Amino acid sequence: MGNGYVMVIASAVLFGLMPLLAKEIYAMGGTALSLCVYRFLFSIPFLCAVVKGEKGQTFSITKEEAKKIFILSLGCAGTPFLLFQSYQYISSGMATTIHFIYPVLVLFGSVVLFREKFTKVKAVCAGLCAAGILCFYTPGEKAGLTGMILAFSSGITYAFYVLYYTKSGLTALDPYKLSIYLSAFGSALLLAAALATGQMVIRLPLKAWGMIIGFAFMVSFLATVFFQIGAKKIGPEKASLLSTFEPLTSVLAGVAFHGEQMTGKTVLGVVCILASVVLLTASGRKRRPRK
């Protein structure tokens, strides 16, 4: 059980370091779309090596599973693209924190689509989340608003990913095998978009390529698989709670390495959003029956 906690925390920290590497790659000529393509594409060899080494594990999937994975890949591919784009307009800490409204969006999706009960605690969480986002907004800053919309949209696509993943039956698939097909579909979709918009960048310095390969290994392989294994061991509620290490890591990394400023209003926004996630997760825990 303990390994599950460690894996989820490690996953959150690795995801939280994404903006740090992404901005370095952008500075060397990379684009958000091309980085997303490489992120998924270069992770496939690592994942294939793991699946091949597992006893009795094959790469085969059914047609129905392939259809479901393709639908899931829309959220899987759309999320990093929108989030990586937002880094160009707002601070990495702000972008990651706004993206982290996805648990609340999952809540609304569950209420609307699956008719789950909307409690007072959930209403408070939604209010805290909305207040947190408003704290980030500064009237008149068009670039900031664009970044916030992109980060918020990434939360929507990830909420779709979480809901569809949990309801589609794909949780029964081996996490490494699932990640291979998600990476394959995701890289294909993003490559088509990058070529269509002229944002596919190939000519990059050697240092950038090294960082891109490391980025793919860290995010699409280690962080993703760590979360899937950890969540399976400790449950989705505890995993969501521990995932709050992600925005905290992004905020601290942005301040430490990029000199991003943290105003009192921004800190309040971070606290509100993280409080909503913690409260939502804590309220969802099942009480143990009394003996």
Side-chain angles (χ1 to χ4, degrees), residues 10-47 76-99 141-151 153-154 157-158 179 182-226 246-262:
S11 170
V13 171
L14 289 173
F15 275 126
L17 292 174
M18 282 195 308
L20 182 64
L21 288 176
K23 288 192 173 184
E24 292 293 329
I25 295 169
Y26 293 162
M28 289 183 276
T31 64
L33 259 178
S34 62
L35 178 57
C36 287
V37 172
Y38 296 135
R39 166 197 162 171
F40 287 115
L41 188 63
F42 291 159
S43 69
I44 295 176
F46 299 117
L47 294 164
C76 185
T79 298
F81 167 62
L82 292 166
L83 186 58
F84 291 1
Q85 286 278 21
S86 71
Y87 297 157
Q88 301 176 4
Y89 299 95
I90 57 179
S91 70
S92 56
M94 182 186 297
T96 307
T97 304
I98 293 176
H99 163 76
E141 289 189 5
K142 186 177 180 180
L145 181 59
T146 300
M148 288 175 64
I149 291 174
L150 287 168
S153 298
S154 75
T157 54
Y158 195 70
S179 293
L182 284 175
S183 295
F185 284 133
S187 59
L189 290 168
L190 291 166
L191 177 59
L195 292 174
T197 57
Q199 295 186 52
M200 192 64 200
V201 178
I202 299 177
R203 293 183 179 180
L204 291 167
L206 186 60
K207 181 181 178 182
W209 282 113
M211 293 183 71
I212 288 172
I213 294 173
F215 186 92
F217 178 77
M218 182 183 81
V219 176
S220 290
F221 178 64
L222 289 181
T224 300
V225 174
F226 278 2
E246 180 182 340
L248 292 176
T249 301
S250 291
V251 169
L252 294 176
V255 173
F257 296 100
H258 290 295
E260 296 176 354
Q261 299 297 316
M262 290 291 293

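A quick note: this is a predicted structure, and the numbers were derived from the prediction, not measured.
- Residues Met18 and Leu83 meet the side-chain proximity criterion, which asks for heavy atoms closer than 4.5 Å.
- Inter-residue side-chain proximity for Leu150 and Gln88 is flagged as unmet; no heavy-atom pair is nearer than 4.5 Å.
- Taking the six-membered ring wherever Trp is involved, the centroid distance between the rings of Phe84 and Phe215 falls below 6.0 Å.
- Sorted by first and then second residue, the salt bridge (charged side-chain N to carboxylate O under 4.0 Å, His left out) pairs with a member in residues 14-26 read Lys23-Glu260; sequence neighbours excluded.
- Take Tyr38 and apply the ring pair (Phe, Tyr, Trp, His ring centres under 6.0 Å) test, not counting sequence neighbours, and it matches Phe42, Trp209.
- Taking CE of Met218 as the reference point, atom CD1 of Ile213 lies at 14.0 Å (rounded to 0.5 Å).
- Between Ile212 and Leu35 there is a side-chain heavy-atom pair separated by less than 4.5 Å.
- Leu206 contributes atom CG, which lies 10.0 Å from atom CE of Met28 (distance to the nearest 0.5 angstrom).
- No donor-acceptor pair closer than 3.5 Å links the side chain of Thr96 to the backbone N or O of Ser250.
- Between the CZ atom of Arg39 and the OG atom of Ser34 there is a distance of 13.5 Å, given to the nearest 0.5 Å.
- In this structure, the side chain of Thr79 does not engage the main chain of Cys76 through any donor-acceptor pair within 3.5 Å.
- Rounding to the nearest 0.5 Å gives a distance of 5.0 Å between OG1 of Thr197 and CG of Leu33.
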